[in-house]
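We count ligands from 1, going down the list as the structure has it; atoms in each ligand are counted the same way.
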Amino acid sequence: MNSATDALTKLFGATQRIVFLTGAGMSTESGIPDFRSPTGIYATLTSEDVFDLDAFLAQPERFYALAMRLLGGMRDAKPHAGHLAIAALAREFGKQVTVVTQNIDSLHQDAGSPVVLPVHGTWETSHCLRCNATAATRDLWPSVEAGRVPRHENCGGVFKPDIVFFGEMLPAAVLAEAGNALRAADLLVVAGTSLQVYPAAALPGLRRSACSLVVINQTPTPLDAQASLHFAGPVGEILGAAVAQLRAG
Ligand code: OAD
């Protein structure tokens with residue numbers, strides 16, 4: 001164990017209201033690619049190619065073909081030691097933990113974190129753009145795998161996953177709840193996000209001056225200089241080790 005991990009363990013022990021702001025780097029150790037790493041989704045595509053509302057409306061078949069290639073693996077992904085460590089802080093150690101995540105996978109929820117705020121929406125559900133009916137995205141997948149755009153069986157409208165596309169507003173109530181958690185936090189851990197996308201990237205600016213800041217990200221972020229602790233390593237290993245150490249006392 002190194003002294004930085006010791007310091008993180010002590011921070012977890014000493015604080016009660018903890019917010020995690022997570023991004024795609026939180027899920028790479030579960031086998032889901034991030035966006036802006038050299039091996040990320042945007043190495044070969046732009047955000048306009050994949051997650052743009054106008055592009056989706058014009059060519060949903062193109063989105064679903066890309067989604068099948070890029071996001072198909074998400075269905076089999078499992079939470080890793082980092083997701084489990086965050087959940088343990090709430091469930092085992094009684095911390096008041098809020099996970100504000102930009103991720104559309106449900107790995108924080110699968111790990112058992114009780115309060116997860118998915119500010120960029122979720123892949124779990126979809127809705128029909130014509131009649132607004134809701135469906136579980138997994139139930140639409142056989143259609144996608146057969147090369148068809150999933151449509152509502154009655155009205156024929158196209159289903160769109162409930163993820164926030166560029167050109168759409170973030171869910172206001174979720175964002176407001178995230179802001180409230182940030183303003184009340186004793187500790188903010190920013191993990192696995194390049195902090196390039198707003199308004200999520202502005203959320204850390206809402207923290208109190210008394211709130212400690214930890215950044216865990218393999219590459220530099222705009223917040224590194226403000227962090228009292230900074231780790232440029234794998235978030236799953238780091239969080240897993242810090243919480244294991246807390247458990248060991
Ligand atoms: P990015 O791909 O921009 O950033 C992920 C960060 O995680 C990178 O800086 C990596 O260096 C780092 N990273 C990768 N694996 C890691 C690991 N195992 N441990 C620690 N760090 C690791 O992803 P986001 O910041 O989440 O939006 O991107 C924000 C938004 O841009 C996404 O939610 C998505 C995208 O366009 C929408 O789809 C609306």
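- Within 4.0 Å of ligand 1, heavy atoms belong to protein residues Gly23, Ala24, Gly25, Thr28, Glu29, Asp34, Phe35, Arg36, Ser37, Tyr42, Phe51, Gln102, His120, Val164, Phe166, Gly192, Thr193, Ser194, Val197, Asn217, Gln218, Thr219, Gly233, Pro234, Val235.
- Residue Asp186 is tested with Gln16, Arg207, Arg17 for a side-chain hydrogen bond (donor to acceptor under 3.5 Å, both in side chains); the sole match is Arg17.
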Open item on the list: I'd like to know whether Phe165 forms a ring pair (Phe, Tyr, Trp, His ring centres under 6.0 Å) with Phe63, so could you lay out the CA-CA distance, the side-chain angles of the two residues, the decisive distance to 0.1 Å, and finally the verdict.
Closed with: CA-CA 11 Å; Phe165 280 44; Phe63 169 80; 5.3 Å; yes
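- A donor and an acceptor atom, one from each side chain of Thr28 and Asp34, are nowhere located under 3.5 Å apart.
- Applying the ring-ring contact (aromatic ring centres under 6.0 Å, His included) criterion to His80, with sequence neighbours excluded, gives His83.
- Put simply, Phe35 and Met26 are part of two different groups of oily side chains (I, L, V, M, F, W, Y) that touch within less than 4.5 Å, one to the next.
- Taking the six-membered ring wherever Trp is involved, the centroid distance between the rings of Phe93 and Phe12 does not fall below 6.0 Å.
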